[in-house]
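First comes the structure, then the notes that go with it.
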Amino acid sequence: SDMMLHMDDTQYMIQSGLFSLGALVVGFVCGTVVASQEIDRLELARNQAEKILQRDRILTIVNNLADAVISTDKDGVIRVYNAACLSLLDTNRDINGLHIDKILRLTDDDNKPFKMIPNFALARGVVSREDLRATISGETIRLSVIYSPIRSNDSSSNQESHNDGFVIILRDITKQKTLEDEKDEFI
């Protein structure tokens with residue numbers, strides 16, 4: 001019977017040792033996971049700060065351009081614009097979240113409506129048009145319109161790129177076109 005107790009003690013010691021070893025391993029794994037999460041949190045915070053800095057740089061550049069700049073999502077909803085855009089549109093109201101075709105109604109030289117988003121969607125690169133007009137505050141102006149799709153690579157899919165929206169640059173060229181027309185009439 002003494003021998004049985006001795007074997008039970010040995011099994012108890014082995015089980016206790018394994019339990020202690022298991023607790024140490026679990027503790028080590030938990031500590032590693034917590035440390036890894038902290039590193040991930042710090043990296044995420046750094047990445048977010050860098051993203052904010054890049055956005056601020058881009059907005060500073062856009063806001064200091066003399067030409068009107070508008071960025072839309074793929075559906076034509078305005079997401080970013082500059083002060084020159086508000087000046088061109090002769091408005092002080094916030095146009096963020098509004099559809100571009102509702103804010104700026106364009107016509108071509110034949111006075112046919114030019115819907116921006118359907119035309120923009122066909123663009124594969126930068127497109128420049130100088131045959132468009134808009135009536136703003138009762139005055140018809142001629143516009144240079146340069147637009148380009150914003151394409152991004154989506155690493156989570158097999159697609160090469162997809163359209164995330166559009167960048168539009170607008171310039172009032174009424175005076176320039178009037179002078180060109182007068183020059184053509186003179187010659």
Side-chain angles (χ1 to χ4, degrees), residues 45-155 159-187:
R46 272 193 300 271
N47 287 342
Q48 287 174 336
E50 181 65 27
K51 185 177 178 181
I52 290 169
L53 179 61
Q54 287 176 354
R55 179 174 167 81
D56 289 348
R57 285 179 179 154
I58 291 169
L59 288 175
T60 299
I61 292 167
V62 168
N63 281 324
N64 285 292
L65 292 174
D67 291 334
V69 178
I70 301 172
S71 178
T72 71
D73 65 14
K74 67 181 187 297
D75 299 317
V77 176
I78 297 170
R79 297 295 173 209
V80 176
Y81 59 92
N82 64 0
C85 175
L86 295 178
S87 179
L88 179 81
L89 297 174
D90 196 28
T91 187
N92 288 325
R93 70 183 177 132
D94 183 10
I95 61 172
N96 193 33
L98 302 177
H99 196 279
I100 191 160
D101 280 324
K102 300 248 188 275
I103 295 297
L104 188 62
R105 293 174 196 212
L106 299 176
T107 57
D108 62 16
D109 280 340
D110 298 325
N111 211 26
K112 291 180 185 170
F114 178 82
K115 293 289 184 191
M116 287 182 257
I117 296 307
N119 283 288
F120 291 179
L122 299 173
R124 297 289 168 245
V126 177
V127 177
S128 180
R129 304 262 320 241
E130 291 193 349
D131 63 331
L132 300 173
R133 293 176 167 75
T135 301
I136 299 170
S137 299
E139 180 184 346
T140 300
I141 62 171
R142 295 169 82 170
L143 291 172
S144 165
V145 179
I146 301 170
Y147 56 92
S148 177
I150 300 169
R151 301 213 185 272
S152 69
N153 293 328
D154 185 359
S155 59
Q159 297 176 340
E160 285 184 24
S161 66
H162 63 277
N163 186 354
D164 285 330
F166 306 95
V167 172
I168 304 105
I169 301 172
L170 305 163
R171 180 183 298 154
D172 182 350
I173 57 170
T174 306
K175 290 178 184 174
Q176 174 188 340
K177 286 294 185 181
T178 302
L179 288 173
E180 287 176 12
D181 292 346
E182 288 174 0
K183 183 179 175 183
D184 289 344
E185 286 177 17
F186 182 74
I187 295 174

Among residues at least two apart in sequence or on other chains, which ones pass side-chain contact (heavy atoms from CB on, under 4.5 Å) with Asp94? Tyr81, Asn96
Name all pairs fulfilling the ring pair (Phe, Tyr, Trp, His ring centres under 6.0 Å) condition that reach into residues 115-147, sequence neighbours left out, sorted by first residue then second. Phe120-Tyr147, Phe120-Phe166
Closest heavy-atom pair, Leu89 versus Ile136, reported as atoms and distance to 0.1 Å, is O-CG2, 3.3 Å
Can you name the closest pair of heavy atoms from Ile103 and Arg93 and give their distance? CD1-NH2, 3.5 Å
Residue pair Met116 / Leu104, side-chain heavy-atom distance below 4.5 Å: yes
By the definition side-chain contact (heavy atoms from CB on, under 4.5 Å), identify the one residue from Leu106, Asp108, Ile146 that meets it with Arg129. Asp108
Taking all atoms of both residues into account, what is the closest heavy-atom pair of Lys115 and Asn119, and its distance? O-ND2, 2.7 Å
Side chains of residues 58-80: which donor-acceptor partners sit under 3.5 Å, not counting sequence neighbours?
from: Thr60; atom 1: OG1; to: Asp56; atom 2: O; distance (Å): 2.8
from: Asn63; atom 1: ND2; to: Leu59; atom 2: O; distance (Å): 3.1
from: Asn64; atom 1: ND2; to: Thr60; atom 2: O; distance (Å): 2.6
from: Asp67; atom 1: OD1; to: Arg171; atom 2: NE; distance (Å): 2.9
from: Asp67; atom 1: OD1; to: Arg171; atom 2: NH2; distance (Å): 3.4
from: Asp67; atom 1: OD2; to: Arg171; atom 2: NH2; distance (Å): 2.6
from: Asp73; atom 1: OD1; to: Asp75; atom 2: N; distance (Å): 2.9
from: Asp73; atom 1: OD1; to: Gly76; atom 2: N; distance (Å): 3.0
from: Asp73; atom 1: OD1; to: Val77; atom 2: N; distance (Å): 2.9
from: Asp73; atom 1: OD2; to: Arg79; atom 2: NH2; distance (Å): 3.2

CZ-CD distance between Arg142 and Gln176, expressed to the nearest 0.5 angstrom: 9.5 Å
Give a yes or no on whether a salt bridge exists between Arg133 and Asp109, defined as a side-chain N under 4.0 angstrom from a carboxylate O. yes
Reported CD1-to-SG distance for the pair Ile169 and Cys85, which is rounded to 0.5 angstrom: 12.0 Å
Supply the atom-to-atom distance Thr135 OG1 to Ile141 CD1, rounded to the nearest 0.5 angstrom. 8.5 Å
Walk me through whether His99 and Ile117 qualify under side-chain contact (heavy atoms from CB on, under 4.5 Å). CA-CA 9 Å; His99 196 279; Ile117 296 307; 3.9 Å; yes
So do the side chains of Ile168 and Val145 get within less than 4.5 Å of each other, counting heavy atoms only? yes
For the student: nearest non-hydrogen atoms of Gly125 and Pro149, plus distance: O-CD, 3.5 Å
With a 4.5 Å cut-off on side-chain heavy atoms, are Gln54 and Glu50 touching? yes
Nearest heavy-atom contact between Asp172 and Leu88 is CB-CD1, 3.9 Å
